[in-house]
Asker: 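Just dropping this structure here.
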Amino acid sequence: MKTSSRSKGTVRKETKEALKPVDDRKLGKRKAAVKADKKPAKKGKAAKKDPNKPKRPPSAFFVFLEEFRKTFKKENPDVKGVSAVGKAGGEKWKSMSAAEKAPYEAKAAKKKAEYGSLMDTYNKKQLC
DNA sequence: TGAATGATTGTTCTT
DNA sequence: AAGAACAATCATTCA
């Protein structure tokens with residue numbers, strides 16, 4: 001459903017240039033396919049480049065995943081690995097309708113608002 | 001023993 | 001406009 005969730009207005013029309021740059025991500029291996037190859041998602045600190053850089057708020061998908069993980073693990077206590085929940089969650093996420101994602105998006109929207117505030121502070125620091 | 005990885009999508013920043 | 005990077009989780013795995 002591309003129903004376009006871009007109701008934000010960021011891109012009003014942009015003609016047909018961004019009609020669909022690429023949607024065949026194949027979802028096979030996001031590692032090198034989606035991005036070159038950089039995932040310092042270590043446990044310590046992934047990006048400690050900027051001390052004031054606020055962490056990005058969890059997206060609607062993450063919010064849903066957070067709750068989904070509990071349910072999934074609860075019904076599948078034998079599940080091993082985060083990829084299992086990730087795949088299951090991603091599959092279900094796509095199966096969900098906009099109405100179902102609404103509450104999750106609402107939360108994500110709120111996070112974005114708070115993140116915006118932090119960004120303002122971060123911007124001031126960067127501004128020298 | 002300890003640190004790193006893998007997998008999901010989304011959002012946001014940076015160029 | 002387009003690309004690149006990172007957000008959480010947790011069992012498994014390499015040295």
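Order of the sequence lines fixes the chain letters, A, B, ..., with proteins taken first and strands second; residue numbering starts at 1 for each chain. None of the values given here were measured: they were computed from a predicted structure.
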Asker: With respect to the side chain of A:Ser59, which nucleotide from B:dT11, B:dT12, C:dA8 is positioned closest?
Answerer: B:dT11

Asker: Among B:dC13, B:dT8, C:dA7, which nucleotide has an atom closest to any side-chain atom of A:Lys55?
Answerer: C:dA7

Asker: Output the single nucleotide from C:dA8, B:dC13, B:dT9 whose closest atom is nearest the side chain of A:Arg69.
Answerer: C:dA8

Asker: Just wondering, more than 12 heavy atoms not from A:Glu67 lying within 6.0 Å of its CD?
Answerer: no

Asker: State which of B:dT8, B:dT12, B:dT9 makes the closest approach to the side chain of A:Lys112.
Answerer: B:dT12

Asker: A:Lys101 or A:Ser83: which one's nearest nucleotide on DNA chain B is closer to the 5' end?
Answerer: A:Ser83

Asker: Can you check whether A:Phe62 stacks with the C:dA7 base, using ring centres under 5.5 Å and planes within 30°?
Answerer: yes

Asker: A:Phe72: which residues meet the ring pair (Phe, Tyr, Trp, His ring centres under 6.0 Å) condition with it, sequence neighbours left out?
Answerer: A:Phe68

Asker: Answer with yes or no whether the hydrophobic clustering places A:Val85 together with A:Val63; edges join I, L, V, M, F, W, Y residues whose side-chain heavy atoms lie under 4.5 Å apart.
Answerer: yes

Asker: Testing the basics here: between A:Ala108 and A:Ser59, what is the closest heavy-atom pair and its distance to 0.1 Å?
Answerer: CB-C, 4.1 Å

Asker: State plainly whether one hydrophobic cluster holds both A:Val79 and A:Phe64, where clusters connect Ile, Leu, Val, Met, Phe, Trp and Tyr through side-chain heavy atoms under 4.5 angstrom apart.
Answerer: yes

Asker: Do A:Lys101 and A:Trp93 have side-chain heavy atoms sitting under 4.5 Å apart?
Answerer: yes

Asker: Should A:Lys94 be listed as having a side-chain N or O under 4.0 Å from OP1 or OP2 of B:dT9?
Answerer: yes

Asker: Which part of the nucleic acid does A:Tyr115 contact within heavy-atom distance under 4.0 Å: base, sugar-phosphate only, or nothing?
Answerer: sugar-phosphate

Asker: Specify the residue among A:Lys87 and A:Ala108 whose closest nucleotide of DNA chain B lies further upstream toward the 5′ end.
Answerer: A:Lys87

Asker: I'd like a list of close polar pairs between nucleotides 11-15 of chain C and the protein, N/O only, cut-off under 3.5 Å.
Answerer:
| unit_1 | atom_1 | unit_2 | atom_2 | d |
| --- | --- | --- | --- | --- |
| C:dA11 | O4' | A:Gly81 | N | 3.3 |

Asker: Calculate, to the nearest 0.5 Å, the distance between atoms NZ and CZ belonging to A:Lys107 and A:Phe62 respectively.
Answerer: 14.0 Å

Asker: Rounding to 10°, can you tell me the angle the first-five-pair axis of the helix from B:dT1-C:dA15 to B:dT15-C:dA1 makes with its last-five-pair axis?
Answerer: 70°

